[in-house]
Structure formats: structure tokens, C-alpha cells
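Keep in mind the model is a prediction, meaning the values are calculated, not measured. Letters go in sequence order (proteins before strands), and every chain restarts at 1.
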Number of protein chains: 2
Amino acid sequence: METNKGHVILLVDDEQDILEFLSYTLQKEGYKVFTATNGEEAVKKVQEISPSLILMDVMMPQMDGIEACQIIRKDLNLKQPIIAFLTARAEDYAQIAGFSAGADDYINKPIRPRLLISKIQSLLRRVNVANTANTEHHEVGIIIDRERFVVIVEKQEFQLPKKEFELLELLASRPGKVFNREQILSLVWGNETVVGERTIDVHIRKLREKLGESYIRTIKGVGYTFNQV
Amino acid sequence: METNKGHVILLVDDEQDILEFLSYTLQKEGYKVFTATNGEEAVKKVQEISPSLILMDVMMPQMDGIEACQIIRKDLNLKQPIIAFLTARAEDYAQIAGFSAGADDYINKPIRPRLLISKIQSLLRRVNVANTANTEHHEVGIIIDRERFVVIVEKQEFQLPKKEFELLELLASRPGKVFNREQILSLVWGNETVVGERTIDVHIRKLREKLGESYIRTIKGVGYTFNQV
DNA sequence: AGCAGGGGTAACTTTGCGTTAACACGGTGG
DNA sequence: CCACCGTGTTAACGCAAAGTTACCCCTGCT
């Protein structure tokens, strides 16, 4: 899936071994990877390369991850990246502090590569949605907030059930693109699960009921698309 | 960083060499350092100087660290300091006892100065986080006081048990963010401990019972979130 | 020993999401 | 004009997730 490629990831850890290992793993997946060995350096790099995602150790010399996180979050000139902390066990409190400092997720050491990749994918999917949503939402008037699991349409906030949310998230991730039923099924439901075709219609119906008729358009014989304009 | 300065640290160890060495290291970083050579002395000093942080050896003559820790924790008149034990590696058991006596962390000997500094910074940040959290949550109508382990909702004060407190603390650390069960389990319970899924529900229930129904919202199939507004 | 409270589990209930089934409707081609 | 296809719409049902309650074990205190 070429949507994974091209994302810029910043790795921050004081241990060279870990940096190399992760760097290798992620580059193999097609990401552009940059590194830093402490918080101070990380903040500088963020300004230079404006990454989509930061994977950062909590405990580091010079400036630790939480402090760096706070600084990045406060800088309104930055394109805000997703920040995930790497933590060893027994640092529970640091994790909590991490959340209140503005972290989006955490990943526990020791790192399992496969799990890491899949977490990264799901984190980066947010960006697609958030970005397109943010840029488009002025025109479209819709905001999809995955973190809070709410959708805001014309200043009205909706709390959608899981599947409806995921479906909307998919469609809105690329406004104008027509998703066919096969794609929708495999992206929202997954490749294994087999459900009847009518299921999609029903969820579309519920979405239209809540958001209004104008957001999702049917292309007969093809699929559905999230309305631009 | 300015926030580090001005913190009062109490060192407790029976070996004069260590006291001097640590004293020197920490003073160089800008902390105000006091010392004691046994538990008894430590307890007295705490009352006098009311430190933010205590670094204390476990094994000491007169009164050992664990006993001193218990006494300090029980004294409700004290501004509760953060307590970290200094331990040799072979004292695993003492560490466990230390946590149940109310310790916040432990630091293994031999002490690596840089690591020590960074740990201290992260420990002391708790105080800051707790403080900022207090002000933030005023809007929400809830105050979470980590120092006194107390939650205040609409002017009513609650003494929560540890697990309930930690769970609430996590959720409230980022109002609006949805935490899934996996995250909750690993952040509140830790990664190794395996507890049944229903355990979370039960604690959520107890919290709702005490705080009222409106603070914690369930997002079915996703997780829980602390309500804004 | 006895008691109290925290923490966890087990078992049952409740809820509401996701899915299906059944039918309606409109366009299209034979 | 009607048979068919793709989709819209609604109601109903089953099931998994969350709620709830009671109970047990452990620890600490008296």
C-alpha cells in the first residue's frame, strides 16, 4: 500500500543500537527515517524535517521525552506530528505524564517489530484523515477526531458507533475518491471477515441520517464517495 | 532548566562517602540538598525542611529506609515528598517491600550520575504535572491531588483507593481522549500483570458511584474517556 | 483471632451495535 | 410493459461488550 510510503518518521533514543535497529526496520517498510539522540536535538529536527510521526524514548540525557513533547506541542508554527513514546516497564507514571504532555500513544519495550509496524500504520492513518479533514473541513464543514472518537458537523458534535465511525473515517480520508464495495469491506471490516453486501448500505444510511444527506454520495454500480464542495 | 532549581532534596545514607558524592553532584545541578545518616534522623529532617524528594538507602542502622518511609507516609501533617530508594541490585525483595511501604521509585547502585539526574528530573516533574493538572481541571469541576491522593468533585472530597485513583488519574490526564482497554491495562496495571477484562469495568463502576455518572463516558467497542464540559 | 477494606474474579444481566432479512423503489434493457 | 439489477429503507434478531452484583482472598490493623 503506497500510502505508507513517504511518511517521515523521527526516531529519538539515546541508545545507538535501538536507533539502528528501528531505523533499519522502518526503512525496510518504506518510511523516511531521521534520528536524534536526545530531546534537544529532537526539537531541532522536528523544525527541519517536519515529521508525521515521532517515536521517542522517555528517559534521555539533556532533555527527556516529556519535556521535548511539551515544547513541540506548544510551538504553534509546527505542523503537529503524532508523538508516541517508547517506554520500558516500571515507568507507568512517566506514561501518564506523557499523555498529559500531549502524547498520542506509547509503545512498550522490548519492541516487537511486527507489532510496531502495525501500530505505526494505525497511527499514521490518523494523519491522513486529520490532515485532509483539517484542510477540507473549512469547505466541507466536518471534523473527524479519532482521538476523541467524535465527528463534528457544522458545530454539532456526534458520537458515532465504532463501525459507522470507521466507515466515515475511510470515506472522508480521501474526499472525492470513490470507494467500491470491495474496498470498503476490506478496509473497514478486514479481509477475513465476510459480511453481506447490504451491511454497507445500512451503515451508510445511518451516517446520512446523522450527518445529513449531502455528505455521502452514491455512485451507482461503483461505490460511495465523500462529497467535496 | 529553571524548574529543576530550588527543589529541596533529602539524602539519607549511612555511608559518608556516598552522601558527599551525591551532595556534590546534586548541588552542582542547582538543588538544595540536606542529609541524614539513618531513618530516625531522616524523619526529623523531613519535618523541618519538607523536601520535595527523598533519596534514601534501604539498609541503615537505627531505622531502615522502609520503616522511615512508612512513618513519613502515615504522617498526614507532612507535605508528602517523593521517596526513592537507593538499593544494591541484590536487594530485590527490599524493593518490593519498599513499594508497598509507599516508595515512588528505586535507583540501583552503583549510581551513575547522569542517569540519577535524569531520574530525579522525571520524578520531580510529577510535582509539576500534578500542579498543572490541578489548575487545568478546575474548568472540568474536578481536582485530582496526587500529593494527598485525594479527588475533589464539586467541593466534595473523596479518598480513593490506589487503583481507582490511578485509573481516574489516567483518564483525567487527557480529558476527551479515548483510552482503550489495552492502554488502560498496561498503564494502570502494568504489562506483566494479567487481570480479567471485567476488572476494569468494576473499577469504572466504583468511580462512577463516587464521582457521579457524568464524568466517565463509555465508547462501546473502543474504551473509556473522561468527560469534558 | 477477628475485622475492615482493597483488589480481583466469576457469573449473570443488560445494552445496543452490527448484521441480516424482507420489502420498496427507480432505472435500464429486452 | 415487465423482469432484473442495484440500492434505499426499515424492523428485527443475535451476540459480543459493558454493567452489575456477590463473593473470595489477601493485607494490615486492632
Side-chain angles (χ1 to χ4, degrees), chain A residues 92 149 151 158-171 178-182 184-185 187-190 192-225, chain B residues 66-67 69-71 73-74 76 93 96-102 149-151 158-171 178-185 188-190 192-225:
Chain A
D92 292 347
F149 231 81
V151 177
F158 291 98
Q159 225 263 284
L160 298 180
K162 197 170 173 228
K163 275 270 139 57
E164 282 168 48
F165 186 89
E166 288 172 350
L167 176 56
L168 178 62
E169 189 186 20
L170 173 66
L171 295 178
V178 180
F179 291 89
N180 64 38
R181 282 155 184 279
E182 190 197 344
I184 292 174
L185 280 178
L187 289 172
V188 175
W189 274 263
E192 316 83 21
T193 48
V194 181
V195 295
E197 293 251 316
R198 299 260 64 77
T199 304
I200 298 176
D201 305 64
V202 174
H203 281 105
I204 293 284
R205 171 80 196 38
K206 286 178 183 162
L207 280 175
R208 294 214 254 239
E209 215 166 57
K210 286 165 187 164
L211 309 181
E213 301 295 321
S214 58
Y215 288 98
I216 299 169
R217 190 165 37 128
T218 306
I219 316 292
K220 240 188 136 153
V222 189
Y224 297 95
T225 182
Chain B
I66 291 173
E67 204 175 327
C69 181
Q70 286 171 332
I71 290 171
R73 284 289 183 243
K74 269 183 207 156
L76 296 176
Y93 197 83
I96 296 172
F99 276 119
S100 70
F149 237 73
V150 150
V151 176
F158 294 98
Q159 259 285 355
L160 295 181
K162 187 158 172 269
K163 277 271 139 52
E164 282 168 47
F165 185 87
E166 287 173 350
L167 176 56
L168 178 63
E169 188 187 21
L170 173 66
L171 295 177
V178 179
F179 290 89
N180 63 38
R181 279 157 185 275
E182 186 202 345
Q183 289 175 324
I184 292 174
L185 277 179
V188 176
W189 274 265
E192 308 88 10
T193 49
V194 181
V195 294
E197 289 260 308
R198 297 267 71 65
T199 304
I200 297 176
D201 304 53
V202 174
H203 285 277
I204 291 282
R205 165 122 199 336
K206 287 177 184 162
L207 279 175
R208 293 214 253 239
E209 219 166 53
K210 287 166 188 165
L211 308 180
E213 300 295 318
S214 59
Y215 287 98
I216 298 170
R217 187 169 40 130
T218 307
I219 287 124
K220 218 177 159 141
V222 187
Y224 296 95
T225 182

What distance separates A/Lys162 NZ from A/Glu169 CD, expressed to the nearest 0.5 Å?
11.5 Å

Taking the side chain of A/Tyr224 as its heavy atoms from C-beta onward, which of D/dG19, D/dT10, D/dG8 lies nearest to it?
D/dG8

For atom CD of B/Glu209 and atom P of D/dT20, their distance in whole Å:
9 Å

List the residues meeting salt bridge (Lys or Arg N to Asp or Glu O under 4.0 Å) with A/Glu209, not counting sequence neighbours, and say none if there are none.
A/Arg205

Taking only side-chain N and O atoms of A/Arg181, does any of them lie within less than 4.0 angstrom of OP1 or OP2 on D/dG6?
no

Under 3.5 Å, side chain of B/Glu166 to main-chain N/O of B/Lys163, donor-acceptor pair present?
no

Rounded to whole Å, please give me the gap between CG in B/Asn180 and P in D/dA18.
10 Å

Taking atom P of D/dG19 as reference, at what distance in whole Å does atom CD of B/Glu197 sit?
12 Å

Name the pairs: protein N/O against N/O of nucleotides 15-19 of chain C, kept only if under 3.5 Å.
from	atom 1	to	atom 2	distance (Å)
C/dT15	O2	B/Lys220	NZ	2.9
C/dG18	OP1	A/Lys163	N	2.8
C/dT19	OP1	A/Trp189	NE1	2.9
C/dT19	OP2	A/Trp189	NE1	2.7

Between A/Thr218 and D/dG8, is there a side-chain N or O to OP1/OP2 distance below 4.0 Å?
yes

Could you walk me through whether B/Arg208 and B/Asp201 pass salt bridge (charged side-chain N to carboxylate O under 4.0 Å, His left out), step by step?
CA-CA 10 Å; B/Arg208 293 214 253 239; B/Asp201 304 53; over 6 Å; no

Tell me the interatomic distance from A/Glu213, atom CD, to D/dT7, atom C1', rounded to whole angstroms.
14 Å

Please state how far atom CD1 in B/Ile184 lies from atom C1' in D/dA17, giving the value in whole angstrom units.
14 Å

Please confirm whether the shortest side-chain N or O distance from A/Arg205 to OP1 or OP2 of D/dT9 is below 4.0 Å.
yes

Is any side-chain heavy atom of A/Leu160 closer than 4.5 Å to a side-chain heavy atom of A/Leu207?
yes

Rounded to whole angstroms, how far apart are CD1 on A/Ile200 and P on C/dT20?
11 Å

For the helix from C/dA1-D/dT30 to C/dG30-D/dC1, measure the angle between the helix axis at one end and the axis at the other, each built from five pairs, rounding to 10°.
10°

Within this structure, what is the CG-to-P distance between A/Asp201 and C/dC23, rounded to whole angstrom?
17 Å

Heavy atoms, side chains only, cut-off 4.5 Å: are B/Tyr224 and B/Leu167 in contact?
no

Just jot down the ring-ring contact (aromatic ring centres under 6.0 Å, His included) partners of A/Phe149, sequence neighbours excluded, or say none.
A/Phe165

Suppose we screen for salt bridge (Lys or Arg N to Asp or Glu O under 4.0 Å). Which residues come up paired with A/Lys210, at least two apart in sequence or across chains?
A/Glu164

Round to the nearest Å and state the distance from A/Arg198 atom CZ to D/dG8 atom C1'.
8 Å

Sequence neighbours left out, what passes salt bridge (Lys or Arg N to Asp or Glu O under 4.0 Å) with A/Glu213? Give chain and number order.
none

